[in-house]
Engineer: 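Right, I'll just put the structure down here and ask away after.
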Amino acid sequence: MNLSRIKFHSPQTLAEAFKLLEKLREARILAGGTDLLVDIKQGLVKAEDILSLLKIKELRGIEREENRIKIGAIVTAQEIISDPYVNQFIPALADAANSMASPQIRSMATIGGNISSAVPSADLPPTLIAAESKVELQCSESSRQVSLSDFFQAPRETICNKGELLTSIFIPLPPPRTGIAYEKFSLREANSLAVAAVSSRITLEDRKIEKALIVLGAVAPTPLIALKASESLLGREPSDGLFKKASLVAKEEGEPISDVRGSAWHRKELIQILTQRSLTKALKQTQEKSREDT
Ligand SMILES: Cc1cc2nc3c(=O)[nH]c(=O)nc-3n(C[C@H](O)[C@H](O)[C@H](O)COP(=O)(O)OP(=O)(O)OC[C@H]3O[C@@H](n4cnc5c(N)ncnc54)[C@H](O)[C@@H]3O)c2cc1C
């Protein structure tokens, strides 16, 4: 498709954006454009009007609120990597952002675009779900906050309605003795989507696992919480043996397909390895934090 035929709109405020969206119901939303413009050029998506979010100040910035971090929808992967709050409270998100693509893409790719594109291999959603994040969806009249785990419906399909924008992401500050770790396998060092990925979160209480969430990426139509594997950890003292058993359960919970990047069999093997690795790394984080707190 010839990009020069598309009408480009660049509102300065959210109010202006919603007004435009009411008029241009079929307009495509553009953030960094690293997914959308590729899709348009390849003819996968048609567009007569594009509404760019990049000049809307309300969608920028990472702030610490009382007990959560608020990330604006147009914050880029590069901004996440270098943000002090993200690195202090949820370093796994900085790791996930750092594993994305190349420096050029990371400086354009936004968190809102990464979530909204709803591609199963997207790097940020597994860690955001492990951290129990919510997203804010706004339209001209109202706004709602929903758990990110309820946001995805199918590949490239979300609960975001026409006329709505994803405006912010809220990440609760992890409780003490909590570790979250992201592990990804891709075919090249850079510029490569995940073949499989796992984000694991554990919280310890009296040396036992009080809370656990294992979230699988790129091995199901949407990011998938491995419920049985997560539950198998509860009330137990962490050990290599326990993590190995949980990773075998997670392997059974994945629903991978075979495609150009890997076979379903290979992806299942990867789930097991990445789950064990991410649990071990999350545990190390909780132990380091406990040492810092004493
Ligand atoms: C070479 C290359 C390598 C890549 N490697 C990776 C990788 O390793 N890992 C990875 O996860 N991704 C990767 N990607 C995909 C892409 O860069 C990311 O998904 C990126 O975060 C998308 O963000 P964006 O701001 O560019 O989104 P855009 O392309 O602007 O938008 C993506 C989709 O989300 C919608 N959208 C955007 N923002 C909003 C909003 N606030 N509200 C509602 N809808 C919205 C758009 O309409 C569009 O449908 C790669 C892409 C390329 C081209």
Side-chain angles (χ1 to χ4, degrees), residues 3 6 8-11 14 17-18 20-21 24-42 44-56 58-60 71-81 93 95-129 135-139 143-144 146 148 151-152 155-169 182 184-197 199 217-218 222-223 261:
L3 290 178
I6 301 173
F8 191 80
H9 309 265
S10 192
L14 268 181
F18 291 130
L20 277 167
L21 277 178
L24 311 164
R25 298 296 289 178
E26 300 305 319
R28 296 281 174 183
I29 310 300
L30 177 95
T34 60
D35 270 330
L36 184 70
L37 295 180
V38 176
D39 286 349
I40 291 176
K41 277 207 130 181
Q42 290 179 344
L44 298 172
V45 166
K46 290 207 167 71
E48 284 182 13
D49 292 276
I50 281 184
L51 189 144
S52 165
L53 303 180
L54 290 184
K55 290 201 174 144
I56 303 178
E58 295 122 292
L59 300 179
R60 289 206 189 124
I71 304 186
I74 60 170
V75 164
T76 64
Q78 190 51 52
E79 288 170 320
I80 289 172
I81 293 165
L93 189 64
D95 291 343
N98 205 20
S99 77
M100 284 170 67
S102 58
Q104 291 90 334
I105 298 281
R106 290 197 289 271
S107 68
M108 293 302 294
T110 66
I111 184 168
N114 194 250
I115 295 170
S116 303
S117 61
V119 172
S121 59
D123 277 304
L124 304 183
T127 300
L128 290 168
I129 292 172
V135 288
E136 182 173 63
L137 304 176
Q138 275 193 53
C139 62
S143 83
R144 54 183 176 141
V146 294
L148 185 57
F151 181 75
F152 301 102
R156 294 174 181 267
E157 228 181 282
T158 74
I159 60 166
C160 190
N161 295 321
K162 275 218 168 100
E164 262 185 331
L165 292 174
L166 191 161
T167 48
S168 301
I169 298 93
Y182 182 65
K184 163 182 178 178
F185 179 86
S186 53
L187 295 175
R188 279 177 279 132
E189 279 289 310
N191 249 338
S192 211
L193 294 170
V195 179
S199 199
T222 62
R261 277 177 288 134

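Order of listing sets the numbers, starting from 1, for every ligand and every atom in it. Since we're looking at a predicted model, the values are computed, not measured.
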Engineer: Which of the atoms in ligand 1, numbered in the order shown and given with their element, are less than 4.0 Å from a heavy-atom of Thr110?
Structural biologist: 21 (O), 23 (O), 24 (P), 25 (O)
Engineer: Go through the steps to decide whether Lys46 and Glu26 satisfy the test salt bridge (Lys or Arg N to Asp or Glu O under 4.0 Å), and finish with yes or no.
Structural biologist: CA-CA 10 Å; Lys46 290 207 167 71; Glu26 300 305 319; over 6 Å; no
Engineer: Heavy atoms only, cut-off 4.0 Å: how does Leu53 contact ligand 1, side chain, backbone, both, or neither?
Structural biologist: side chain
Engineer: Give yes or no for whether the N/O distance cutoff of 3.5 Å, strictly under, is met between Ala101 and ligand 1.
Structural biologist: yes
Engineer: Sequence neighbours left out, what passes side-chain hydrogen bond (donor to acceptor under 3.5 Å, both in side chains) with Asp39? Give chain and number order.
Structural biologist: Arg156
Engineer: Using distance alone, determine whether Leu36 and ligand 1 share an N or O pair under 3.5 Å.
Structural biologist: yes
Engineer: List the atom of Ala96, the atom of Thr127, and the distance in Å for their closest heavy-atom pair.
Structural biologist: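 Minimum heavy-atom separation between Ala96 and Thr127: CB-OG1, 4.2 Å.
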Engineer: For ligand 1, does Ala73 get within less than 4.0 Å through its side chain, its backbone, both, or neither, judged by non-hydrogen atoms?
Structural biologist: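 Within the 4.0 Å criterion, Ala73 contacts ligand 1 through side-chain atoms alone.
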Engineer: Could you list the atoms of ligand 1 found under 4.0 angstrom from a heavy atom of Ala31?
Structural biologist: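 So the atoms of ligand 1 that pass are 25 (O), 30 (O), 37 (C), 38 (N).
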Engineer: Show every donor-acceptor pair shorter than 3.5 Å between a side-chain atom in residues 109-122 and any protein atom, with sequence neighbours excluded, or say none if there are none.
Structural biologist:
residue, atom, partner, partner atom, Å
Thr110, OG1, Gly113, N, 2.9
Asn114, OD1, Leu124, N, 3.1
Ser116, OG, Gly112, O, 2.7
Ser117, OG, Asp35, OD2, 3.3
Ser117, OG, Gly113, O, 3.1
Ser117, OG, Asn114, O, 3.2

Engineer: Judged on heavy-atom distance to atom 17 (O) of ligand 1, which of Leu124, Leu137, Thr34, Thr76 sits nearest?
Structural biologist: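 Comparing heavy atoms across Leu124, Leu137, Thr34, Thr76, the nearest one to atom 17 (O) of ligand 1 lies in Thr34.
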Engineer: Using a heavy-atom cut-off of under 4.0 Å, does the side chain or the backbone of Ile105 touch ligand 1, or both, or neither?
Structural biologist: side chain
Engineer: For side chain to side chain contact (heavy atoms under 4.5 Å, CB included), just list the numbers for Leu187 and Arg261, CA-CA rounded to whole Å, side-chain angles, deciding distance to a tenth of an Å, and then say yes or no.
Structural biologist: CA-CA 7 Å; Leu187 295 175; Arg261 277 177 288 134; 3.9 Å; yes
Engineer: Within the 4.0 Å heavy-atom shell around Asp35, which atoms of ligand 1 are there?
Structural biologist: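 Listed by number with element: 15 (C), 16 (C), 18 (C), 19 (O), 22 (C), 26 (O), 29 (O), 32 (C).
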Engineer: For ligand 1, which part of Ser192 has a heavy atom less than 4.0 Å away: the side chain, the backbone, both, or neither?
Structural biologist: backbone
Engineer: Which ligand 1 atoms, with their elements, are less than 4.0 angstrom from a heavy-atom of Ser116?
Structural biologist: 34 (O), 35 (C), 36 (N), 39 (C), 40 (C), 42 (N), 43 (C), 44 (N), 45 (C)
Engineer: Quick check on contacts: which atoms of ligand 1 are under 4.0 angstrom from a heavy atom of Gly32?
Structural biologist: 24 (P), 25 (O), 26 (O), 30 (O)
Engineer: Without swapping roles, check the side chain of Thr158 against the backbone of Phe151 for a donor-acceptor pair under 3.5 Å.
Structural biologist: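 No, because the side chain of Thr158 does not come within donor-acceptor range (under 3.5 Å) of the backbone of Phe151.
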Engineer: Looking at Ser99, is its backbone amide N or carbonyl O close enough to the side chain of Lys184 to form a donor-acceptor pair, meaning the two atoms are under 3.5 Å apart?
Structural biologist: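 Between the backbone of Ser99 and the side chain of Lys184 there is a qualifying donor-acceptor contact (under 3.5 Å).
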Engineer: Between Glu79 and Arg60, does any side-chain N to carboxylate O distance fall below 4.0 Å?
Structural biologist: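 No salt bridge links Glu79 with Arg60.
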Engineer: Under 3.5 Å, is there a donor-acceptor pair between the Glu136 and Thr167 side chains?
Structural biologist: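 Side chains of Glu136 and Thr167: pair found under 3.5 Å.
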Engineer: Using a 4.0 Å heavy-atom threshold (strictly under), name the region of Lys184 that reaches ligand 1: side chain, backbone, both or neither.
Structural biologist: side chain
Engineer: Under 3.5 Å between any N/O of Arg28 and any N/O of ligand 1: does that happen in this structure?
Structural biologist: no
